[in-house]
Amino acid sequence: MAALGKAEAGTRKLARLAGGLREAAGRIVRDLLAMGSAVLFRKVPAWLDKLADAASGSPGVQAALAGVSAAVRGKHPLWPAVKAAVAGLSAKAKLLLVLCLVLVLLLGPVLLVLLLLFLIVVAVIRAVRPRRAEGPAPLVLQAE
């Protein structure tokens with residue numbers, strides 16, 4: 001009986017040791033992941049900046065890289081992407097973009113007034129037009 005008690009005590013001791021090793025391994029893995037992620041958070045934006053500088057391609061590529069870089073930094077990617085896209089455009093394209101924006105800003109109120117007038121006309125026509133009787137159409141039988 002004493003041998004059985006010693007065996008159970010040894011098993012419990014081994015289980016505690018295994019649990020302690022598991023916890024220690026978990027702490028080591030968590031610490032390694034934390035250190036690795038800290039290094040990545042420092043290095044990835046720098047790598048993306050180098051990649052963006054090296055990519056002197058189209059404005060679309062520059063905009064995409066700027067957006068990804070901002071997203072990695074935890075910022076909203078839209079504004080850096082737009083700035084990079086506009087910066088990559090030629091002078092003529094920038095001038096055309098500005099002219100289009102001015103045209104939209106000037107014609108926007110006019111288009112809004114036209115839309116409101118259209119809606120008012122449609123509402124008046126619907127109000128004036130006689131309404132049809134509700135329900136199914138009467139069935140007319142012809143005699144032969």
Side-chain angles (χ1 to χ4, degrees), residues 5-144:
K6 285 184 179 181
E8 286 180 11
T11 304
R12 278 188 252 132
K13 195 174 193 182
L14 188 59
R16 277 190 304 225
L17 181 61
L21 285 175
R22 190 175 324 135
E23 289 177 14
R27 282 194 303 265
I28 289 171
V29 168
R30 273 195 306 271
D31 291 344
L32 286 175
L33 286 175
M35 287 189 304
S37 64
V39 168
L40 280 178
F41 278 122
R42 281 193 316 259
K43 294 288 184 176
V44 168
W47 293 338
L48 285 173
D49 287 340
K50 287 180 184 177
L51 184 62
D53 291 339
S56 59
S58 68
V61 172
Q62 292 175 355
L65 288 174
V68 169
S69 177
V72 166
R73 289 187 175 101
K75 297 179 181 176
H76 197 280
L78 181 66
W79 186 242
V82 169
K83 286 186 352 186
V86 171
L89 294 176
S90 67
K92 289 181 183 179
K94 288 179 187 177
L95 180 64
L96 186 62
L97 180 65
V98 168
L99 288 175
C100 287
L101 286 174
V102 168
L103 186 65
V104 165
L105 290 175
L106 289 176
L107 291 181
V110 173
L111 293 175
L112 181 64
V113 168
L114 288 175
L115 177 66
L116 290 174
L117 284 175
F118 174 75
L119 291 175
I120 290 171
V121 168
V122 168
V124 167
I125 289 173
R126 285 186 179 227
V128 172
R129 187 184 335 166
R131 294 187 179 182
R132 295 183 184 164
E134 298 289 327
L139 191 61
V140 179
L141 298 174
Q142 293 180 351
E144 290 183 23

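None of these values were measured; they are calculated from a predicted model.
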For V128 and V124: C-alpha separation, side-chain torsions, deciding distance, then whether side chain to side chain contact (heavy atoms under 4.5 Å, CB included) applies.
CA-CA 6 Å; V128 172; V124 167; 4.2 Å; yes
Cut-off 3.5 Å, no hydrogens considered: what does the side-chain donor-acceptor table look like for residues 15-35, sequence neighbours left out?
none

Could you go through residues 75-103 and list every donor-acceptor pair under 3.5 Å that involves a side-chain atom there, pairing it with any protein atom two or more places apart or in another chain?
{"from": "H76", "atom 1": "ND1", "to": "L78", "atom 2": "N", "distance (Å)": "3.2"}
{"from": "S90", "atom 1": "OG", "to": "A93", "atom 2": "N", "distance (Å)": "3.3"}

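The line from CG of L112 to CG of L117 is 10.0 Å long, rounded to the nearest 0.5 Å. In this structure, CG in L111 is found 11.0 Å from CG in L106, a value given to the nearest 0.5 Å.
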